[in-house]
Amino acid sequence: MKYDCFLQVEYSQREVRELLSMLDVGNRATRPAQKGGAGLTRTVSAFGIVGFVRFLEGYYIVLITKRRRVAILGGHTIYKIEDTSMIYIPNDSVRNAHPDESRYVKIFQNVDLSSNFYFSYSYDLTHTLQFNLTAACNFLPFGRTRKHDKQMDSADDDDDVDDDDYEEEDGEEEGTKDHVFETSEESGDEKIDESVPNIELEKGHICGVQNSPEYKYVWNSHMLEKFEDRVHPDWRMSIIHGFCAQSNVCVYGRPVFITLIARRSILFAGTRFLKRGANCEGQVANEVETEQIVHDASVLSLGSGRYTAYVQMRGSVPLYWSQDITTMMPKPPIGLDLADPYTCVAGLHFNDMMKRYGAPVIILNLVKKREKRKHESVLTEELVSAINYLNQFLPPQHAIQYIAWDMARFTKSKNVNVMERLGEIADRVVMKTGFFKSGPHLYCTKLRPEEKYSEMQGVTEESGRRQTGVLRTNCVDCLDRTNTAQFVTGKVALAFQLYSLGVLEDPKLEFDTDAIRVFEELYEDMGDTLALQYGGSQLVHSIQSYRKLTPWTSHSRDIMQTLSRYYSNAFSDAEKQSAINLFLGVFLPHEGHANLWDLPTDYYLHHTYSRGDFPRIRRSYTQWWELPVLRALPLPQDEVSRDHRDGQVVHWGSKDDERLDEFSEYYRPFQLTMFEDLFVSNMPHSIKDFMPNPSDPKSDPCPFAVRKTTGKFGFGSGRKAIGATPPTSAAPEDNSSSESDVSSEDDLTSSATPISPLSSSSTHVSFKDLFQTMKETYGVSINNMEAMERKDLSVYRRYVMIGLNASKQFTDPKGVPRARKTLTEFYPTSAFKIDSSREVIPPTVDKRSKKVYEEYLELGKTGHTKPITREDFEVYRGYVSKKYK
């Protein structure tokens, strides 16, 4: 698809007024009795267009009227939709009313766009960070082709490729691996590094590459489908559904942002009992891609900063199976709907996974294996059989790896540490897949090499490293057990990510630390959000319950969540499923056809083969994978074969183009902002929200220190429980992170231990029991004026005089205001001759200091890209050897 025919036209304020005036005159009614005679009226102010939708009458436009910042990545802002407006486009005078139109509108609006839908103007949320920062291959100016491009096109269509061609393409792929982050300043046959936002092409002109979105995760793709080639790309926004949040882990003043993004697939999407297993195209129910991004926020740019990411996914068991919901049972029986002896559905699913993530694909199956009466174990037996069949035809080095662990059975055992066993599995998985990191490796990792870090698989280069393969976790619902397993895997990956950024000495993190509490809050919120979207309630079993740290009072919450989930599945899921089918365009209303609410089932809507829409070419039972996918392994084919012809848009413009200016996008110099309103100052923070007593000078501010007490949010209490009454039971002896150690936001004690409520026979609580002393708070004691030191007394008198002299007047006993004789004069302690808010005379700066300052500014723009000198290297080596000897 080509978009080079579109030209961006910018209107001045005068031209905008003239255009609106012309439209106003043209829309006025010619006859007084005609409706809509007011002409053009202002209806709404919006931040973006979600799309256009039509049912049985004219088109509606869906606009974003309210938004909220939830994350910032490299200067790119990610917003959450807070409110939308749906406006009918045609004039009322030409509207032909249909009796079923209002009902379709109501069903469509049952999908609440203000509930966990996200977008960004400048960052592609549908792709992973690794894909966005990987260099675009085969870049050519528009209108040019290459012989190699034609050969690749023919090779994709013809599976019979000679061995010589296969080796040549392998060599080219190896060359791509060696130059993942290569930068080019010339157009032509060179690759372009998308991690560098601005690439110089001509004098005064730069370009930017915009990827074609991954439509699998674009929830408004149906609403933009007919308008993609009719509007400029700047007007289109790809909206994802799932979860997105960001927290700040402060490491001695160094901000490290942890961002968690969950993308829910639009293919075979639906509710819990109505969408199980997979459809005929290999798309599974409740498929969610989870990406955790950790980066040093002290450097703004994506190209100059150091960013790390780890991707994992969840999804239903890729088989033809479902549950009978006609019987009112909490756990309906599981049945296999269709026989699939050649596992075609599983083959299609795993081929798509290897195309997007590479190899190895690791399956962590948490479904029960042993049951007195077979229920979940039916899925385990069929999944094992399918994987064994598919692995027969794959090369051994790229085979699908299967790990089965009955999590529910081990959770009931008192002698098994569930988190420890999951940690062992997660450690092996992360070592096999690796993680993504942009930028060259730090010198500290070379001076203190870690054995596990150096042995980690994946693609490792001097310019960074890439994740190859993915962990696919599933249970029956892919909710409670899956979320805990993904948290443990993410915790292991987080340790490696922090180590690669030079934050940790070794890739290992303990549970009872501020950093892990921040991380756990993110996964708990994500689990609750995804469970509400798919199951109708929050998590029944949280991460804390699997750690066996929740008190007995949490059992009532679990019961309420179970009842809420059961009610939602029994009574509201059918209506919710109809809304999703209409919103995503799975069902299209037509005049004279059956309405959505008249369909007995939506099986024929999601299974195209049942309608007779079979593929023209029947896939082989043995070669279930696509040849280009296998050639690209272990790298994903989506990254190896990235091409500008795949729908990418190349923008040409000046350096001041707002689409390419990340400084204006982040700092917004044209907009009046308040410090307390900034997103960065209000996001969850490891010190202000999780550290027990930040004002105590004896407290260790390190977020990786193991603590027995917790901060304002508490351990496992979450942001949803802020302000709750703390428990009154005493702290347990062995468990340092129990719920009874949680302190409430309203606690007035200096420590984090809550005060037990007073009984009628208890002693009186004094002022000293509730507040710190003056000496502990300010470092000056004024309890006894005679015993005060002269220095402390002088400080206190000066403090009092400042307060008295604030107005420079006082009232004598007769009521006459007079000026004070003794005033405290303030003199600026500055090196400037003139020190005011309006003008400053800069001091004289020598050349050496000026050079140091210029190097400091350059370091802030580009990061640590220049190699250190030999003298600096020796000084740093001495420091490291002295500290870690």
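- Residues Q544 and E520 have side chains that bring a donor and an acceptor to within less than 3.5 angstrom of each other.
- Checked against a 6.0 Å centroid threshold, the rings of F436 and Y310 do not count as neighbours.
- Under the 4.5 Å side-chain criterion, counting only non-hydrogen atoms from C-beta, Q457 is not in contact with M431.
- With no hydrogens or angles considered, a side-chain donor-acceptor pair links Q292 and Y523 at under 3.5 Å.
- Note: R481 CZ to N474 CG = 9.5 Å, rounded to the nearest 0.5 Å.
- Salt bridge annotation for E289-R356: present, with a cationic side-chain nitrogen under 4.0 angstrom from a carboxylate oxygen.
- Between M526 and L260, the shortest heavy-atom distance links the atoms SD-CD2, 3.8 Å.
- Annotation for V680 and F257: closest pair CG1-CZ, 4.1 Å, computed over non-hydrogen atoms.
- For E455, the CD atom sits in a packed shell: over 12 heavy atoms of surrounding residues, nucleotides or ligands are nearer than 6.0 Å.
- Side chain to side chain, N417 and R547 fail the donor-acceptor criterion of an N or O pair below 3.5 Å.
- In this structure, D506 CG and F496 CZ are separated by 10.0 Å, a value rounded to the nearest 0.5 Å.
- Using a 4.0 Å cut-off between charged nitrogen and carboxylate oxygen, E82 and R67 do not count as a salt-bridge pair.
- Here R254 pairs with D296 in a salt bridge; the nearest charged N to carboxylate O distance falls below 4.0 Å.
- Using a 4.5 Å heavy-atom cutoff, the side chains of L364 and R472 are not in contact.
- Ion pair K491/D427 not flagged as a salt bridge, since none of the NZ, NE, NH1 or NH2 atoms sits closer than 4.0 Å to an Asp/Glu carboxylate oxygen.
- Nearest heavy atoms, G305 versus S438: O-OG, 3.7 Å.
- Taking the six-membered ring where tryptophan is involved, the planes of F119 and Y79 are essentially parallel, since the angle between them stays under 30° and well short of 60°.
- Using bins of under 30°, 30° to 60° and over 60° for the plane-to-plane angle, the ring pair F410/W405 lands in the parallel bin.
- Residue N116 comes nearest to H241 through the heavy atom pair O-ND1, 2.8 Å, listed as atom of the first residue, atom of the second, then distance.
- Between E450 and P507 there is a side-chain heavy-atom pair separated by less than 4.5 Å.
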